Amino acid sequence: MDESSLQFVSEIGRHLAQRTRPSKDFIVKSLRKAANALSQIKQSPQPRTAKELQAAKKQEDALKPLSNAVVCGGLLQHADKEVRLLVAMCVTELFRLMAPEPPFEDEHLRDVFKLIINLFEDLADTASPFFSKRVKVLEIMAQLKCCVIMLEINCLDLVLEMFNIFFSVVRDEQLLISAMTSIMINILYESEEAFQQLLGVVLLNLVKQKGDGNFAAENLAASVIKTCAQEDELNLLACGFLVSCIHDRDAMGSGLKQYYYEIFSKVFECAPEMLLSVIPSLIKELSADEVDVRIKAVNLVGKLFALQHRVAQKYPDLFVEFLKRFSDKSVDVRISALQCAKVFYLANPYDGTESREIMTSVEDRLLDSDEQVRKQAVFVACDIFSSNLKLVSSKLLSHVSERLRDIKACVITVRKSALQKLVRVYRDYCKKCYEGSMKISNHFEEIPCKIMLLCYDKDCKEFRFQNLEFVLADDLFPEDLPIEERTNHWIHMFSLFNFPHEKAFNTILAQKRSLITMELGNFFQDICLEEMQKKIDSMFTKMAAFFPDSHKAEECLHKLNQIKDNSVFQLLEKLLEEQAFTTIGQTMKDKHLAMIGDSNPTYEFLRPLFSKCSSNIFSSEHVRCILDYLTNNENENRTLEDSSANFLLAIVRYFPSMLKGSEKQFLLLLEQKSPVNDKLIEVMAKAGCHMSFNHSDIYPFLRGICLEGTRGQAKFAGSAIVALCSEQSLFRKLFEELIDSLYSERNVPTILQSLGCITQYVSNFETQVEEITSYIFQKIIQMEHLDDGHCATSFHDTAQCSDFCQLKIYWLKALVKISLHYEGSHVERSINGLMEILSRMLRESDYFVNTTASSCENDKAHIKLAAAKAILRLARKWDLHITPQTFQFCILIAKDSSLFVRGTFLRKIQKLLKEHKLPMRFACAFALAATNGTGDQQYQTYKYMAEFIRDYTISARKRETSSVQGVIIDCPAYVLVFLIHVLSRNNEFPFEVCPDEKIYADICSPLFFILQALVDINIVDGDLDIVDDAILHIVSIFRAIRKVEDGVDAQMTTKLHMLAEIGIFILNELSHGGISKLQTPGQILLPSSLYRVSPVKIDTSSKCPTSCFDENFLSRIFQALKEFTLAHPQAQKTAKKFPEHQKGQHDVKKSNINIGGVLDLASCKPNDLSRREITNAKTVKLDIPSVKRRKCVPVSVGLHECSTIEKQQKIPSKHFGKTKESNLLSSSDSACSKGSLYESHVQTRNSKRAAACSLENAVTNSKHIVEPFKCPRTKRKDTSGSKVGGNFFEIS
């Protein structure tokens, strides 16, 4: 067969040689036949015998004509692709049959290989019908290894061309990659001096990627590198080349330099063992001076560690140097190290020491000085968390969460990044818990807890309460997470809450509650009346305040209103209905948004608007899930039970209607005698009016608690009965039972608590209430000591009091509650008696305790504290009955020697002032307390004062448009009127001028404290106008006081004048001499129970009162006060006081009205320190000469009394005569002084009305004193109410 084939091939060769210009068809047919015949011939083994040599010679001769025809007939250069393909096929077969000797002479081999290489180039055309035959040629060439001949004949250029062609035409097919790899490996073996050049081509293609996303070239290069690594000789050569590149980068070709580190990285990916020998050289790169060199080295080494973690173990020096790059001086290097840390940990999460050290380095970068590094550290850590939540380090997670409160400069981006990444981590965690692959974990639940605290950051609007609602509603949980699962997370989360978390949580819910209580139906009408438009504008302003960007939200609301699309506002009304706070409301919102479509220009605003108005955070389903959890708490986890109850209470406090329909679950829980029954009772007290119980099912349970339960239970059980029931007969029956139990002295503490709660709802029981009141009076004064008087009950701190003392306090609390809630006339008659008892408790606490008991001192402290707190509670309604002496005794508790008493008293004042449930004069306590105690306590007191000033300044400004203009009574500075009176009673205050300035500094330190706070521009957020007004008010007050006498003890007048003079000097120093320029008159109302107009006629030619001190002595006092402040630095942590150059120190035109010093109606009680109103007039002008260089403007001084009649200011003057009898019910007079600093520009209707009232009802000053306990019967209103009409001391 071979002989005939050889003969046939020989004939074809001769025929081709004989034709001088053969046609294409002839050539194609001839070569096709030849190729087929050649493929049939088997390759002969190497000849060893003479016969084999003869056969080989014969074969060579037979093939010679075809070989000659190929090289001599011009077939190698033929233009037709098919011809060239057939020629190449014949050539490869000739190489196969003639191996190991080439079938052509050396001078023809270059052209032969050129033909074959050109054929390889045609492999790019995969759609060609000749593609498979070209691949066959490639395979044969790879098998024959004949390409190495090109190196022997010095055709390196052809080899390089072939390498490049391979990388350009290769496709991601294993057959092609395998054949090409084989050819290149064979050549690399024989390349010797050309090795580096050829390897460079491979390495360059290892890192270069085509733009079309074809990675075949990279895969081919990787295949070559992998094969080299498996061959010892090639591996040695390749490693040598890479090492030389590290030590001498110029040894690399210019094309490789720019890919230096990428090459190392890629080589390590495909053949990591190849780089083991070069790793030690990388240490030099990591510590290089050039930043870009270190960055690339870090990236390379990081990938080496990630792909082959044993490298870090084998080369610890390299690992240590790598760790140092986390603290590199270059920010970019540190960021690169963090990025590598992520790759390393994700590749080796279970690796031991190295992974821990990497994570420690990441943790350290969370506190980096550069925000970009901290941000990258947050990203890396959170990505690591998400990769495997089960391996999360609680310590690292906690530190990442702390970046939510990043306190370094330019921190907003860090906080935002931390928020976004941590929310994603928490969502992933919730998914894992729901799938069952993880259990709820506290360190993950800390994430939303810390997110809550972001709302205290005022620097970024994204963290305000308005925006955090969206975080909690839309971002925190996966969208498809069931409500039951969400509730479980909320319960665990709530168990971790402390006070700041609860405050933030409550604020978010309170804002949402405020929004849903708005009534929209009356505003969205097609009415364009001016009044209606004002209402709409006001409503939109209020609604916009609930959005992060209020200005933008208000604009959008107006645009919606202009569209006149009533369907939008109708949906809002439905969403705001409390019964819609279920998933139904959520469905309504989603359906309407889908109808609008996200292409609608209003969509982006409607989405958050509907979310705000719907049950986006909680719904009634959450409430049912909480109750289910409490019912089915199989694990009996007491902590989570308490958390569930607290969580339920927090929701119900703002959305009580969510409990509707849960009555059966409630009864079931109460029947189980759950440990959280107390909280459930409190829940019923809050939401009882929204629940429907059968009377027989719930009342016996609540009644038993009122009679037999604890005080805490009784407090809420009584409120629950009131909320659930409205029958007076029920209240009367329970009231009678409570009275019987009280007289029987059964469970007295609880009975007293229940009585205090129920009494306010019992009508027509005035006689019984009066009887109980008398009984309690007797018990408080005459109660005998208990046998177990040495037994102590624990209080809020280490202080303790005896059971005897505690019971007496319970009696007192019950009496206060009755006095606050019951409106009977006997309560008003006995309130003065109660005030006398409280005053005595403050003065003579020994009388009310067992002086022989071991707890005597603690008992006295608690008695004083209870009395002071009682006065604070009574002041809201009965402030008119608090005498100046009682007020002084009460307010001085702020300086009590007991830290417990002092701290509790101040916290109570701060709480009541914040809630506007206390006359603001009690803020004097903060000034008195600021000079005592430790630095932290003083700083806390300053915070209380700052909060008071900020809050009440806002309230005063809101009332400016509705109150008598120019009258200074409700601004924070008015507290000075009462503070100075209290300070004048200091026993160490000398009546005559004393040369020791330290005495005055010690006495005036509270005054100095409050003046510093009033002019501290930081307290009012840098508003200079507010500080301007404060200085005007303060100077008006001081100048007014210098023109009146002490209304209680005339001998104290000199002290008052001294304090006022010192106060003016202090203020002038604090404001850098600015007050000397102020010339604007103002009107000051001074309480006549404390001050009175001097009966001595003063020379009206004088411009200013005579000074008590000279300038030098006042300066010494001021310096002593400053030294006192420096000695207590924690008391004043203010960054900036009033600036030297104020705006507002300009003259204002004098008003044409004068409602200044006027004498008001006489009242039956001289003790009113809360409600003020201008009524009657008696003007006395005082002209006092100026002293030294301080300027004063003449003022008008007179007396003024205050009425307690509600909204008296709104009564027209022509009807005022009808109110004369009511005005006689006032219990306090006021001295009115027209100061020199403030005057309204416009005479308002209120001021005219007040002046008219004053002139119409003028009386003498002889009715200032009344006998105690004889206050006429009238219906009282809280003196700290929210409306200020004619009663100027009403708090709002």
Side-chain angles (χ1 to χ4, degrees), residues 1-44 58-99 101-105 108-144 146-147 149 162 165 169 173 175-176 179-180 183:
M1 179 65 181
D2 287 350
E3 290 183 4
S4 60
S5 296
L6 285 171
Q7 184 65 34
F8 182 68
V9 169
S10 180
E11 292 178 1
I12 292 174
R14 285 193 296 269
H15 290 159
L16 286 172
Q18 291 172 0
R19 296 285 184 99
T20 56
R21 296 183 65 182
S23 66
K24 175 188 173 183
D25 291 341
F26 177 77
I27 296 173
V28 169
K29 290 180 181 179
S30 299
L31 291 177
R32 185 179 289 124
K33 293 177 182 178
N36 289 334
L38 289 172
S39 63
Q40 302 297 322
I41 302 172
K42 294 182 181 179
Q43 185 180 21
S44 301
K58 185 178 179 180
Q59 177 176 291
E60 182 180 353
D61 293 340
L63 297 176
K64 193 71 173 177
L66 181 60
S67 299
N68 292 334
V70 168
V71 297
C72 298
L75 296 179
L76 294 176
Q77 292 80 27
H78 203 281
D80 187 77
K81 289 187 176 182
E82 185 178 7
V83 173
R84 291 202 306 272
L85 171 62
L86 292 172
V87 172
M89 293 175 62
C90 291
V91 167
T92 54
E93 290 297 335
L94 291 173
F95 271 113
R96 177 176 68 84
L97 295 174
M98 297 295 292
E101 296 298 326
F104 308 102
E105 298 296 331
H108 300 300
L109 282 175
R110 179 179 179 85
D111 293 333
V112 171
F113 283 112
K114 183 68 175 177
L115 170 71
I116 294 174
I117 292 172
N118 288 337
L119 181 71
F120 291 161
E121 191 173 8
D122 292 335
L123 287 170
D125 186 7
T126 56
S128 172
F130 306 131
F131 179 75
S132 60
K133 294 180 179 179
R134 292 168 183 160
V135 173
K136 184 66 176 178
V137 172
L138 177 67
E139 287 185 82
I140 295 174
M141 293 297 291
Q143 293 170 1
L144 296 176
C146 57
C147 288
I149 299 174
M162 182 180 66
I165 287 174
V169 303
E173 296 179 11
L175 185 62
L176 287 178
M180 291 178 182
I183 292 172

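All values reported here derive from a predicted model rather than from experimental measurement. Index from 1, following the sequence.
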Do side-chain atoms of Arg96 reach the backbone of Gln143 as a donor and acceptor pair under 3.5 angstrom? no
By the salt bridge (Lys or Arg N to Asp or Glu O under 4.0 Å) test, which pairs, at least two apart or in different chains, include something from residues 124-137? none
Nearest 0.5 angstrom please: [X] [atom1] to [Y] [atom2], how far?
{"X": "Met141", "Y": "Ile116", "atom1": "CE", "atom2": "CD1", "value": "3.5 Å"}
{"X": "Leu6", "Y": "Ile41", "atom1": "CG", "atom2": "CD1", "value": "4.0 Å"}
{"X": "Leu138", "Y": "Cys147", "atom1": "CG", "atom2": "SG", "value": "8.5 Å"}
{"X": "Phe113", "Y": "His108", "atom1": "CZ", "atom2": "NE2", "value": "14.0 Å"}
{"X": "Glu11", "Y": "Leu16", "atom1": "CD", "atom2": "CG", "value": "12.0 Å"}

Any donor-acceptor pair under 3.5 Å linking the side-chain atoms of Arg14 with those of Ser10? yes
On a heavy-atom basis, which atom in [X] and which in [Y] lie closest, and how many Å separate them?
{"X": "Ile12", "Y": "Ser30", "result": "CG2-O, 3.5 Å"}
{"X": "Leu38", "Y": "Cys90", "result": "CD1-O, 3.9 Å"}
{"X": "Gly13", "Y": "Ala69", "result": "O-CB, 3.7 Å"}
{"X": "Leu115", "Y": "Ala88", "result": "CD2-N, 4.0 Å"}
{"X": "Thr126", "Y": "Phe131", "result": "CA-CD1, 3.6 Å"}
{"X": "Phe8", "Y": "Ala37", "result": "CD2-CB, 3.8 Å"}

State, yes or no, whether a side-chain contact exists between [X] and [Y] at a heavy-atom distance under 4.5 Å.
{"X": "Phe95", "Y": "Ile149", "result": "yes"}
{"X": "Leu94", "Y": "Ser67", "result": "yes"}
{"X": "Met89", "Y": "Leu31", "result": "no"}
{"X": "Met180", "Y": "Leu123", "result": "yes"}
{"X": "Met162", "Y": "Ile183", "result": "yes"}
{"X": "Leu86", "Y": "Ile27", "result": "no"}

Run the side-chain contact (heavy atoms from CB on, under 4.5 Å) test on Ser128 and Asp122 for me, step by step, so that the C-alpha distance in whole Å, both residues' side-chain angles and the decisive distance to 0.1 Å come before the verdict. CA-CA 9 Å; Ser128 172; Asp122 292 335; over 6 Å; no
Can you list every pair that meets side-chain hydrogen bond (donor to acceptor under 3.5 Å, both in side chains) and has a residue in residues 71-82, with sequence neighbours left out? Lys24-Asp80, Arg32-Glu82
Hits for side chain to side chain donor-acceptor pair (under 3.5 Å) against Arg84, two or more places apart or cross-chain, chain-then-number order -> none
Take Val137 and Val91, measure what side-chain contact (heavy atoms from CB on, under 4.5 Å) needs, and give me the verdict at the end. CA-CA 9 Å; Val137 172; Val91 167; over 6 Å; no
